[in-house]
Amino acid sequence: MLYDAVIVAEKPAVALAFAKFLGEGKYRRVFVEGVPSYVFHFRGGDYLSIGLTGHILDFDFPREYNEWNAVDPKKLFFIDPILVVREGAYKYVKALKALALKTSHAILALDADVEGEGIAFEVIRIMSQANPNLEFKRAWFSAVTKWDILNAMQNLREPNELWAKKVFARMVVDLTVGASFTRLLTLAVQRQKSMLPLGKFLSYGPCQTPVLYLVVKRELEREQFKKKKYYVIVAELEADGHVITASANLGEDKEKAASALALAKREEFATVVLSEASIVEVSPPVPLNTIDFESRASAFLNIRPKEALAIAEKLYQYGYISYPRTETTIYPPTLNLSQLASMFTSWEDIGWYVTKILQKGLTPTRGREDDKAHPPIHPTKVASRAGLLRAMGEKAWRVYELVVRHFLATLSEKAQVEKQRVVARLGGVELSAEGRRVVYPGFYYVYYYARPEEKPLPYLVEGDRLRVRSLRLEERSTQPPPYLSESELLALMKRYGIGTDATMQDHIHTNIERKYFVVRERRCIPTPLGKTLILSLLEVEPRLVLPEIRGKMESLLAKVASGEREASEVVAEIKETFLEYYENVAAKIDAISQKLVPVIAEVYRPDGNQQAGLFPRNRGLRGGRKKSKKAKE
DNA sequence: GCAAGGTC
């Protein structure tokens with residue numbers, strides 16, 4: 001045997017970390033079937049570590065079932081998908097099989113989560129085909145640090161097959177459900193000669209579709225919203241050379257408002273009847289996980305979640321930040337926070353601030369989640385603006401800066417904000433004004449993104465007289481709720497358990513790709529196609545689109561992982577449920593596709609100005625849809 | 001050509 005053990009990691013960086021930490025810095029890079037691997041000595045033995053890139057195997061249907069036009073999609077519920085090697089993953093299969101013959105022990109150093117356990121059993125399956133006598137152990141580490149890795153090697157575990165079964169069950173049901181409904185919808189509109197371009201399709205998925213539902217739901221709320229007019233008196237009042245704008249809501253009655261204004265106009269001075277202020281403490285944010293990161297990149301930097309994660313991935317590969325896919329919001333005790341923070345004492349604008357918080361002693365904020373696999377996102381290397389700008393571009397710098405500043409914010413003090421309120425009487429109306437002042441910046445100093453705009457009011461006491469500089473009556477109307485922002489959408493997905501930290505941005509992206517919704521000015525706006533799809537499904541089978549659906553599937557699948565239920569039983573139960581939904585949709589599929597065909601034409605219009613059809617600002621969502629419906633009649 | 005989940 002060449003190696004005392006072969007270590008298989010989920011990603012190249014972890015394979016390298018095992019070599020570095022266990023080999024005490026001495027290791028040699030080799031290629032096994034083209035896959036970079038590391039050879040090193042550990043406690044008198046010879047080891048090799050190899051890194052995969054996630055899953056190697058996947059499920060697919062037997063070939064004859066992949067002829068869309070020749071197979072009734074319903075049949076997909078009655079066959080078993082088969083395991084296949086993923087595209088591009090064949091080199092890992094060859095490498096693992098070759099290594100299986102060169103050792104008697106394989107150490108499965110995959111991430112410490114169910115998905116890692118699934119990948120572990122893919123590795124077991126592949127390696128034991130080449131060497132049936134191979135023994136497998138699982139290394140369980142919750143951070144890629146020397147301590148955690150050494151500890152994992154000393155406490156090797158048995159692989160947990162139940163967890164892997166849960167993963168494979170999920171793969172099977174997602175494929176069956178997704179493929180059957182996607183084909184049902186796509187084939188139906190194709191039969192009606194829709195404008196759907198070749199290679200495009202209408203998809204359904206247990207994550208993507210509930211996400212679309214949430215976006216459409218907000219659109220419906222906006223449509224149903226009834227605007228109401230109301231009247232507001234706005235006054236500019238002068239106090240010690242300061243001008244404050246104060247207002248009073250006079251309600252919906254225009255005539256009453258006008259007479260109140262007339263009364264107020266007779267007065268030259270308003271009298272302060274209330275002046276109050278209170279200091280509110282604002283805590284710094286908790287350590288950064290993926291969803292929070294995506295949400296803040298969208299809100300603070302106006303960078304799409306998908307792009308933000310891709311940039312973070314690159315920053316990670318170049319060693320600037322830690323692994324960007326994590327649910328954890330608690331710094332592990334092994335992370336040397338002061339060492340990390342002190343990297344930034346060299347930054348020109350905030351260096352002194354970092355020195356100051358280091359001297360005070362660091363008390364990091366702490367969230368509630370710990371995925372036991374990866375620490376919160378934090379900087380791992382210092383970069384200069386000019387350097388990073390040159391190496392990776394402007395957006396990379398902004399993302400990096402956000403990670404750094406967020407990290408420093410979590411080590412900072414609370415901010416103190418004074419909230420002020422003044423009420424002044426003028427004729428019969430009470431005008432009020434609100435102000436805000438940052439009394440103590442605390443973490444706002446480094447985390448300017450979150451700093452509130454200051455609008456301080458002058459210091460006033462009851463009885464002060466304020467000269468009226470101007471007075472006017474404004475007609476305003478109540479506003480419908482805005483379209484969902486991406487950060488709200490991410491928060492909702494998390495609440496309903498739709499997707500994982502690593503995939504949530506994908507589900508948003510899939511909907512955009514399918515032209516189900518667009519993101520404009522950080523808001524998610526459904527297209528006529530997305531809206532029609534949701535409304536149609538809602539009518540025939542609401543259980544398919546309501547956001548609880550993913551959570552329900554997940555809780556059933558969790559019973560496989562816990563050993564309460566057999567995987568085959570759970571798969572059968574979920575398939576049966578969806579088969580019922582499928583029958584309900586299939587029964588109405590002609591009516592559904594008749595509604596879909598015109599809106600497909602609208603979002604895929606060939607006039608080279610597709611966007612115009614998508615953006616309600618230019619055309620109006622409702623106007624657009626009506627038009628195309630009429631055209632059909 | 002379908003999904004969602006890893007990862008690049």
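Computed from heavy atoms alone, side chains included, the values below leave out hydrogens, waters and symmetry copies. A note on names: the letters A, B, ... follow the listed sequences, proteins ahead of strands, and every chain is numbered from 1.
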Suppose we screen for ring-ring contact (aromatic ring centres under 6.0 Å, His included). Which residues come up paired with [X], at least two apart in sequence or across chains?
{"X": "A:Tyr320", "answer": "A:Tyr400"}
{"X": "A:Tyr316", "answer": "A:Tyr323"}
{"X": "A:Phe61", "answer": "none"}
{"X": "A:Phe141", "answer": "A:Phe18"}

Could you check which residues of [range] get a heavy atom under 4.0 Å from DNA chain B? Sort them by number, please.
{"range": "residues 167-178 of chain A", "value": "A:Arg170, A:Met171, A:Asp174, A:Leu175, A:Gly178"}
{"range": "residues 540-560 of chain A", "value": "A:Arg550"}
{"range": "residues 7-14 of chain A", "value": "A:Glu10, A:Lys11, A:Pro12"}
{"range": "residues 107-117 of chain A", "value": "A:Asp111, A:Glu115"}

Legend entry - Residue closer to the 5' end of DNA chain B, A:Ala179 versus A:Gln317 (nearest nucleotide): A:Ala179
Legend entry - Of A:Arg514 and A:Asp506, the one whose closest DNA chain B nucleotide lies more 5': A:Arg514
What's the [atom1]-[atom2] distance between [X] and [N], to the nearest Å?
{"X": "A:Phe59", "N": "B:dG6", "atom1": "CZ", "atom2": "P", "result": "16 Å"}
{"X": "A:Tyr316", "N": "B:dG6", "atom1": "OH", "atom2": "C1'", "result": "13 Å"}
{"X": "A:His509", "N": "B:dA4", "atom1": "NE2", "atom2": "P", "result": "13 Å"}
{"X": "A:Tyr496", "N": "B:dA4", "atom1": "OH", "atom2": "P", "result": "18 Å"}
{"X": "A:Leu57", "N": "B:dA4", "atom1": "CG", "atom2": "C1'", "result": "16 Å"}
{"X": "A:Gln190", "N": "B:dC2", "atom1": "CD", "atom2": "P", "result": "12 Å"}
{"X": "A:Leu185", "N": "B:dC2", "atom1": "CG", "atom2": "P", "result": "14 Å"}
{"X": "A:Asp60", "N": "B:dA4", "atom1": "CG", "atom2": "P", "result": "16 Å"}

Examine [N]: is either OP1 or OP2 under 4.0 Å from a nitrogen or oxygen in the side chain of [X]? Give yes or no.
{"X": "A:Arg325", "N": "B:dT7", "result": "yes"}
{"X": "A:Thr500", "N": "B:dG6", "result": "yes"}
{"X": "A:Tyr323", "N": "B:dT7", "result": "yes"}
{"X": "A:Ser180", "N": "B:dC2", "result": "no"}

Legend entry - Residue pairs passing the ring-ring contact (aromatic ring centres under 6.0 Å, His included) test where at least one lies in residues 187-216 of chain A, sequence neighbours excluded: A:Phe181-A:Tyr204
Mind checking if [X] touches a base, just sugar-phosphate, or nothing, with heavy atoms under 4.0 Å?
{"X": "A:Gly199", "answer": "nothing"}
{"X": "A:Gly499", "answer": "sugar-phosphate"}
{"X": "A:Thr182", "answer": "sugar-phosphate"}

Legend entry - Stacked pair A:Tyr204-B:dA3, distance under 5.5 Å, angle under 30°: no
Inset, instruction - Name all residues meeting the side chain to side chain donor-acceptor pair (under 3.5 Å) criterion together with A:Ser322; count only those two or more places apart in sequence or in a different chain, and write none if there are none. - result: A:His378
Legend entry - Over 12 non-hydrogen atoms of neighbours within 6.0 angstrom of CD in A:Glu576: no
Inset, instruction - Might you confirm whether atom CZ of A:Phe77 has over 12 heavy atoms from other residues, nucleotides or ligands at distances under 6.0 Å? - result: yes
Inset, instruction - Report yes if a donor N or O on one partner sits less than 3.5 Å from an acceptor N or O on the other, where the partners are the side chain of A:Ser203 and the base of B:dC2; otherwise report no. - result: no
Atom pairs and distances, donor-acceptor, side-chain atoms in residues 160-168 of chain A, under 3.5 Å, two or more places apart:
{"unit_1": "A:Asn160", "atom_1": "OD1", "unit_2": "A:Leu162", "atom_2": "N", "d": "3.0"}
{"unit_1": "A:Asn160", "atom_1": "OD1", "unit_2": "A:Trp163", "atom_2": "N", "d": "3.4"}
{"unit_1": "A:Lys166", "atom_1": "NZ", "unit_2": "A:Glu554", "atom_2": "OE1", "d": "3.1"}

Check this for me: does any side-chain nitrogen of one of [X] and [Y] sit under 4.0 Å from a carboxylate oxygen of the other?
{"X": "A:Arg170", "Y": "A:Glu115", "value": "yes"}
{"X": "A:Glu580", "Y": "A:Arg543", "value": "yes"}
{"X": "A:Glu117", "Y": "A:Arg138", "value": "yes"}

Inset, instruction - Kindly point out which of B:dC2, B:dA4, B:dC8 is positioned nearest to the side chain of A:Cys207? - result: B:dA4
Inset, instruction - Would you mind listing every side chain to side chain donor-acceptor pair (under 3.5 Å) that reaches into residues 91-100 of chain A, with sequence neighbours excluded? - result: A:Thr53-A:Tyr92, A:Lys97-A:Gln129
Legend entry - Lys NZ or Arg CZ of A:Lys74 over A:Tyr582 ring: under 6.0 Å, within 45°: no
Inset, instruction - To the nearest 0.5 angstrom, please state how far the CG atom of A:Leu315 sits from the CD1 atom of A:Ile321. - result: 5.0 Å
